[in-house]
Amino acid sequence: MWLLAARDHTGTVITQRQIDTKSNETPASIPLLDGLALENTVVTADAAHTQHANGHWLREHGAHYIAAVKGDHPGLLTQLRKLPWHDISLDHKDRTLSRGRLEVRHLKTVAFRHLDHPGAHQALRVMRWRKDLTGKKTMIEQFHFVTSLPPGAATRHHARHPGRPLTTLGWT
């Protein structure tokens, strides 16, 4: 049996749906969320769920999304890679040391009007440097995302509701 689940920001599963054995999780994502109160919710999704139909559906139901973009969306990924990231200021930097490795992550966000995804207002890029402290091997990775959240939405939310996270759902 294969299940697709939606969970909140605390990790609590709020709904799940069995996936047909002759299918995959992509067509089950909208039926999974149908019937949930999604107004002003942010839905996070991996690349399998970064589909135009999902973006349209979420926006029609008052939800926002943050969706990963990988090689299965070559046009959108190319568009994101060609953005002038070197001219965009750093929004956040994180450095962690654990499990024998050092990780440094940089987040940049930028608002663009013509992203090829429904309702997309911003592009995000995360650069991650991971250094193995035992073997001295370093990996560098880039991750791209699109979001329907308008610039400053998270900042405005936290100013109005200190200590209360954005209501988020994620497909797992």
Side-chain angles (χ1 to χ4, degrees), residues 1-83 85 88 91-92 105-128 141-158 160-161 164-172:
M1 182 183 305
W2 187 16
L3 297 174
L4 178 64
R7 58 187 177 156
D8 67 13
H9 66 277
T10 68
T12 302
V13 173
I14 55 173
T15 186
Q16 61 186 8
R17 183 177 183 86
Q18 186 172 348
I19 305 298
D20 185 28
T21 57
K22 296 181 181 180
S23 185
N24 61 46
E25 63 191 77
T26 304
S29 53
I30 290 174
L32 174 75
L33 299 178
D34 197 22
L36 294 178
L38 296 174
E39 187 74 27
N40 297 317
T41 299
V42 179
V43 177
T44 60
D46 66 17
H49 300 285
T50 305
Q51 305 292 326
H52 278 83
N54 291 348
H56 280 297
W57 190 87
L58 289 168
R59 295 303 300 133
E60 288 170 359
H61 287 80
H64 287 283
Y65 61 81
I66 300 173
V69 179
K70 293 186 178 178
D72 49 350
H73 302 284
L76 181 56
L77 182 58
T78 298
Q79 188 181 17
L80 295 175
R81 285 182 173 160
K82 287 183 177 182
L83 292 175
W85 292 109
I88 297 166
D91 290 315
H92 181 75
R105 289 174 292 279
H106 290 181
L107 169 66
K108 292 184 174 188
T109 58
V110 63
F112 272 87
R113 292 178 189 230
H114 304 293
L115 294 171
D116 184 23
H117 200 72
H121 289 292
Q122 296 184 85
L124 298 83
R125 185 186 76 176
V126 175
M127 290 284 295
R128 179 173 66 186
E141 298 173 290
Q142 286 187 40
F143 304 96
H144 293 90
F145 303 86
V146 291
T147 182
S148 61
L149 286 166
T155 303
R156 286 189 299 277
H157 170 82
H158 292 299
R160 279 182 258 158
H161 311 287
R164 193 171 99 204
L166 285 167
T167 303
T168 58
L169 295 176
W171 283 299
T172 58

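- The main-chain N or O of T109 is found under 3.5 Å from a side-chain atom of D91 such that the two form a donor-acceptor pair.
- When side chains are defined from C-beta on, T12 does not count as touching R7, because their heavy atoms never get closer than 4.5 Å.
- Considering only residues two or more places apart in sequence or on other chains, R17 meets the side-chain contact (heavy atoms from CB on, under 4.5 Å) condition with A28, P31, L32.
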Q.
What verdict does the side-chain contact (heavy atoms from CB on, under 4.5 Å) test give for Q142 and V126, after you've listed the backbone C-alpha separation in whole Å, the side-chain angles of each residue and the deciding distance to 0.1 Å?
A. CA-CA 6 Å; Q142 286 187 40; V126 175; over 6 Å; no
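- Not counting sequence neighbours, the partners of H52 by the ring-ring contact (aromatic ring centres under 6.0 Å, His included) test are H117.
- Of all the heavy atoms in V13 and Q16, the pair that sits closest is CG1-OE1, 4.3 Å.
- Between the H121 side chain and the P151 main chain, no donor and acceptor come within less than 3.5 Å of each other.
- Here H56 contributes atom NE2 and Q51 contributes atom CD; the two are 11.5 Å apart, rounded to the nearest 0.5 Å.
- The two residues Q18 and L3 come nearest to each other via the heavy atoms CA-CD2, 3.6 Å.
- The stretch residues 117-128 participates, sequence neighbours left out, in these salt bridge (charged side-chain N to carboxylate O under 4.0 Å, His left out) pairs: R128-E141.
- With sequence neighbours left out, the side-chain contact (heavy atoms from CB on, under 4.5 Å) criterion links L83 to L80, W85, V110, F112, A123.
- Taking S148 as the reference, R59, H64, Y65 meet the side-chain contact (heavy atoms from CB on, under 4.5 Å) condition, with sequence neighbours excluded.
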Q.
side-chain contact (heavy atoms from CB on, under 4.5 Å) for W57 and L38? Distances and angles first, verdict last.
A. CA-CA 11 Å; W57 190 87; L38 296 174; 3.5 Å; yes
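- Remark: D34 pairs with no residue by the side chain to side chain donor-acceptor pair (under 3.5 Å) rule, at least two apart or across chains.
- Side-chain contact check for H92 versus H106: every heavy-atom pair is 4.5 Å or farther apart.
- L124 has its side chain out of reach of V146: every pair of non-hydrogen atoms, C-beta onward, lies at least 4.5 Å apart.
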Q: Go through L58 and L33 one step at a time and tell me if the side-chain contact (heavy atoms from CB on, under 4.5 Å) criterion holds.
A: CA-CA 9 Å; L58 289 168; L33 299 178; 4.0 Å; yes
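- T44 is not listed as a side-chain neighbour of F145, based on a closest heavy-atom distance of 4.5 Å or more.
- Residue T26 comes nearest to A48 through the heavy atom pair OG1-O, 3.3 Å, listed as atom of the first residue, atom of the second, then distance.
- Here CG of L76 is found 8.0 Å from OG1 of T50. Values are rounded to the nearest 0.5 Å.
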